[in-house]
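Notes to accompany the following structure.
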Amino acid sequence: MKIFNKKIIVSLGIIFMGFLVLMGCGNTNEKNTTSETANTKNSKIKPVATVENDLDENNSPAPTPAEPQEEINGEESVSPEGYPVSPKEAVEVFMEQFPNSQLTKIKLDHSDHGYVYKIEGVTQGEEHEVKVHALTKELVKVETEADDENKSGEVFEYNDKVIDWKEGMKNALEKIGATAYVKEWELSMENGKLVYEFDVKNDDNSIDVVVDAFTGEVLELDD
């Protein structure tokens with residue numbers, strides 16, 4: 001009977017040891033599985049490089065505007081193709097700075113920044129000037145001073161009835177010749193009429209060409 005009891009005790013001991021071994025292996029496998037899962041999750045996290053750029057309608061990077069041709073015979077010249085920023089957009093920038101202003105002049109001329117729009121306008125007792133880059137729409141200059149000359153009689157409305165400056169420039173150049181080009185232009189009131197005035201160069205001659213801002217008719221040539 002004692003021998004039988006010893007065998008039972010030994011058997012139970014073996015079974016218990018086996019159980020402990022199995023438990024140990026299970027814990028090890030569980031730890032390994034947890035570690036592998038964590039490693040798998042971490043391996044999916046990668047640094048993401050971001051590039052800031054404007055996108056076009058096809059979700060592709062929009063091309064940088066090309067610099068228009070601005071030099072003929074070593075001198076600055078207005079591009080007949082126009083610029084990325086329109087006069088209308090430049091006027092909108094002006095109005096954001098000085099709401100309720102009335103326009104007195106829109107001008108495109110060359111400066112140290114390249115070609116810029118010079119927008120002038122007035123409010124009661126004040127004269128305002130803003131310069132906007134024709135290529136980038138950068139605000140180059142903002143200035144306000146007293147309207148000592150009372151320019152209220154020079155105000156005009158810039159709307160869809162005014163012809164595009166490129167059309168006016170084409171008409172002006174056709175009157176001068178094939179080698180002529182424009183250095184700058186402005187839109188303003190002159191003798192009660194809204195006109196474009198183009199500063200045209202032809203060989204060694206400088207000619208001011210005045211064009212009706214509504215009809216495109218060339219009104220005056222002044223050299």
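Predicted, not measured: the structure shown is a model, and the values here were computed from it.
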Pairwise distance [atom1]([X]) to [atom2]([Y]) - rounded to 0.5 angstrom:
| X | Y | atom1 | atom2 | value |
| --- | --- | --- | --- | --- |
| K105 | S188 | NZ | OG | 6.0 Å |
| K107 | I119 | NZ | CD1 | 11.5 Å |
| E154 | D147 | CD | CG | 8.5 Å |
| E76 | E184 | CD | CD | 10.0 Å |
| L219 | E217 | CG | CD | 5.0 Å |
| E126 | D148 | CD | CG | 11.0 Å |

Test side-chain contact (heavy atoms from CB on, under 4.5 Å) on E190 and E197 and set out the steps. CA-CA 10 Å; E190 185 175 298; E197 186 174 343; 3.7 Å; yes

Evaluate V132 against F94 for side-chain contact (heavy atoms from CB on, under 4.5 Å), listing each step before the verdict. CA-CA 8 Å; V132 180; F94 173 85; over 6 Å; no

Any side-chain heavy atom of E96 sitting closer than 4.5 Å to one from V130?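 The answer is no, as the side chains (C-beta and beyond) never meet within the 4.5 Å cut-off.
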
Counting C-beta onward and ignoring hydrogens, is there a side-chain heavy-atom pair between E120 and K151 closer than 4.5 Å? yes

Side chains of T179 and N202: do they bring a donor and an acceptor to under 3.5 Å? yes

Identify the two heavy atoms, one from [X] and one from [Y], that lie closest to each other, and give their separation to 0.1 Å.
| X | Y | value |
| --- | --- | --- |
| Y158 | P87 | OH-CB, 3.5 Å |
| T104 | G121 | OG1-N, 3.6 Å |
| F198 | W165 | CZ-O, 3.7 Å |
| K201 | S206 | CD-OG, 3.3 Å |
| H128 | T144 | ND1-OG1, 2.9 Å |
| P99 | T123 | O-CG2, 4.4 Å |

Got more than 12 heavy atoms from elsewhere within 6.0 Å of [atom1], [X]?
| X | atom1 | result |
| --- | --- | --- |
| N159 | CG | yes |
| E143 | CD | yes |
| D222 | CG | yes |
| K193 | NZ | no |

If only atom types and distance count, is the side chain of [X] paired as donor or acceptor with the main-chain N or O of [Y] below 3.5 Å?
| X | Y | value |
| --- | --- | --- |
| E89 | S86 | yes |
| D208 | D199 | no |
| H133 | H113 | yes |

Common cluster, [X]/[Y], ILVMFWY with side-chain heavy-atom separation under 4.5 Å:
| X | Y | result |
| --- | --- | --- |
| V210 | V218 | no |
| V182 | I207 | yes |
| V122 | V91 | no |
| V155 | L187 | no |
| V209 | I163 | yes |

Relative to each other, are the rings of Y196 and W185 parallel, tilted or perpendicular (30° and 60° limits)?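 Aromatic pair Y196/W185 classed perpendicular.
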
Assess the residue pair V162 and F156 against the criterion (side-chain contact (heavy atoms from CB on, under 4.5 Å)); give the C-alpha distance rounded to whole Å, side-chain angles, the decisive distance to 0.1 Å, and a yes or no. CA-CA 11 Å; V162 178; F156 63 89; over 6 Å; no

Using the side chain to side chain contact (heavy atoms under 4.5 Å, CB included) definition, which of the options L108, L135, V85, D109 pairs with V116?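 When L108, L135, V85, D109 are each tested with V116, the side chain to side chain contact (heavy atoms under 4.5 Å, CB included) holds only for D109.
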
Please report the C-alpha distance between V78 and M169 in whole Å, then the side-chain angles of each, then the deciding distance to 0.1 Å, and finally whether the side-chain contact (heavy atoms from CB on, under 4.5 Å) criterion is met. CA-CA 9 Å; V78 174; M169 187 171 83; 4.0 Å; yes

